[in-house]
Amino acid sequence: MPLRDTLARVDGDLAAGRVPVARQRLRGLVSSYPDDLTLRRRLAEIYRLFGEPAEAGRWMYLEADRDAAETAAFEARYATPAQRMSALAWRGSESLARTAFAEEQLAAVRVACSEDMGHPVDWEVVQSVPKERVENSSVMDFLAGAGCLVAAVAFLAIWVNGLVALFD
């Protein structure tokens with residue numbers, strides 16, 4: 001569906017009080033047109049209607065006239081540069097940004113993420129797994145494996161018990 005038609009539907013949804021539907025349509029548009037700052041601004045306005053400052057800050061992050069409290073809420077919710085980079089849902093180079101401020105913000109987030117990850121990253125391949133998760137993954141892998149082993153042993157014990165009862 002063309003951009004204008006979808007925006008007309010968003011307006012119709014908002015007029016009819018179907019705010020969640022309008023929000024979902026705008027999320028789809030931002031996904032399709034990540035460099036359109038007007039769509040991001042409209043999405044932020046809808047999140048303000050819901051009283052969600054972190055999400056409003058997320059979608060206004062590339063705007064110079066953003067609200068400081070919303071920006072702080074966004075940065076608190078998405079604490080690591082990798083989480084912020086993923087949350088911004090940008091695709092392509094920073095040079096695609098339509099304003100100098102947006103380009104600077106995108107570059108700053110990407111550089112911070114690269115420093116945090118220890119290797120260069122770009123907007124096409126955002127690794128959203130922070131270092132802490134990688135270090136703890138061996139413990140989680142062990143626990144998951146142990147749980148599977150316990151379940152398999154329990155299943156086998158029940159099966160053997162049923163087999164013994166069958167021939168008794």
Side-chain angles (χ1 to χ4, degrees), residues 1-140:
M1 180 176 299
L3 178 62
R4 289 181 199 220
D5 293 345
T6 306
L7 285 174
R9 286 184 155 199
V10 167
D11 291 336
D13 290 333
L14 289 173
R18 294 186 303 263
V19 178
V21 175
R23 179 187 67 199
Q24 192 61 34
R25 286 188 203 280
L26 277 172
R27 290 284 305 260
L29 285 174
V30 169
S31 177
S32 297
Y33 304 97
D35 60 331
D36 191 333
L37 299 180
T38 306
L39 294 175
R40 289 173 176 266
R41 180 179 291 274
R42 287 194 67 186
L43 188 54
E45 291 168 2
I46 288 179
Y47 276 108
R48 279 189 202 104
L49 291 174
F50 279 109
E52 295 185 33
E55 290 301 308
R58 172 185 183 183
W59 299 112
M60 285 293 291
Y61 198 74
L62 303 178
E63 297 283 357
D65 63 341
R66 63 190 184 181
D67 180 83
E70 290 175 351
T71 300
F74 165 68
E75 290 175 343
R77 179 174 289 170
Y78 300 95
T80 68
Q83 289 172 335
R84 283 188 204 125
M85 196 169 171
S86 180
L88 288 173
W90 188 264
R91 288 193 319 264
S93 163
E94 292 99 12
S95 63
L96 296 173
R98 296 183 183 182
T99 66
F101 183 82
E103 187 174 348
E104 290 170 13
Q105 287 299 112
L106 290 167
V109 170
R110 184 186 47 76
V111 167
C113 185
S114 294
E115 290 172 357
D116 192 45
M117 297 293 237
H119 58 84
V121 295
D122 62 23
W123 289 100
E124 295 302 320
V125 184
V126 178
Q127 295 183 3
S128 59
V129 179
K131 289 179 184 177
E132 302 81 31
R133 295 253 340 243
V134 171
E135 292 169 1
N136 293 333
S137 68
S138 62
V139 173
M140 296 303 288

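The two atoms that bring Met85 and Asp122 nearest to each other are CE-O, 3.3 Å, heavy atoms only. Closest approach of Ala87 and Arg58 over heavy atoms only: O-NE, 2.7 Å. Closest approach of Ala82 to Cys113, counting heavy atoms only: CA-SG, 3.6 Å. Across all non-hydrogen atoms, the minimal contact from Ala73 to Pro53 is CB-C, 4.0 Å.
Take Gln105 and apply the side chain to side chain donor-acceptor pair (under 3.5 Å) test, not counting sequence neighbours, and it matches no residue. When the side-chain contact (heavy atoms from CB on, under 4.5 Å) test is applied to Ala102, the partners found at least two apart in sequence or on another chain are Leu37, Leu62, Ala97, Thr99. With sequence neighbours excluded, the residues satisfying side chain to side chain donor-acceptor pair (under 3.5 Å) with Arg27 are Tyr47. Legend: residues meeting ring-ring contact (aromatic ring centres under 6.0 Å, His included) with Phe74, ordered by chain and number and at least two apart, are Tyr61, Tyr78. When the salt bridge (Lys or Arg N to Asp or Glu O under 4.0 Å) test is applied to Asp13, the partners found at least two apart in sequence or on another chain are Arg18, Arg25. Listed by chain and number, the residues in a side chain to side chain donor-acceptor pair (under 3.5 Å) with Glu52 amount to none (sequence neighbours excluded). Qualifying salt bridge (Lys or Arg N to Asp or Glu O under 4.0 Å) partners for Arg110, counting only residues two or more places apart in sequence or in other chains: Glu94. Residues satisfying the side-chain contact (heavy atoms from CB on, under 4.5 Å) test with Leu7, not counting sequence neighbours, are Leu3, Leu26, Leu29, Leu39, Arg42. Partners of Ser32 according to the side chain to side chain donor-acceptor pair (under 3.5 Å) rule, which considers only residues two or more places apart in sequence or in another chain, do not exist here.
Arg91 contributes no side-chain N or O that, together with a main-chain N or O of Glu124, makes up a donor-acceptor pair within less than 3.5 Å. Of the possible polar contacts, none joining the Thr71 side chain to the Gly57 backbone as a donor-acceptor pair under 3.5 Å is found. Arg40 contributes a side-chain N or O that, together with a main-chain N or O of Pro34, makes up a donor-acceptor pair within less than 3.5 Å. In this structure a side-chain-to-backbone donor-acceptor pair under 3.5 Å is present from Gln83 to Thr80.
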- request: Kindly determine whether Glu63 and Phe101 satisfy side chain to side chain contact (heavy atoms under 4.5 Å, CB included), including the steps that lead there.
  value: CA-CA 7 Å; Glu63 297 283 357; Phe101 183 82; 5.6 Å; no
- request: Please test Trp59 against Ile46 for side chain to side chain contact (heavy atoms under 4.5 Å, CB included), starting from the C-alpha separation and ending with a verdict.
  value: CA-CA 10 Å; Trp59 299 112; Ile46 288 179; over 6 Å; no
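Here the CG atom belonging to Asp36 is positioned 11.5 Å from the CG atom belonging to Leu43, to the nearest 0.5 angstrom. With values rounded to the nearest 0.5 angstrom, Glu45 atom CD is found 15.0 Å from Arg23 atom CZ. Here the CZ atom belonging to Arg84 is positioned 10.0 Å from the CG atom belonging to Asp116, to the nearest 0.5 angstrom. Separation of atoms CG (Asp35) and OG (Ser95) is listed at 10.0 Å; rounding is to 0.5 Å.
For the salt bridge (Lys or Arg N to Asp or Glu O under 4.0 Å) condition, the pairs that include at least one residue of residues 66-78, sequence neighbours left out, are Arg48-Glu70, Glu55-Arg77.
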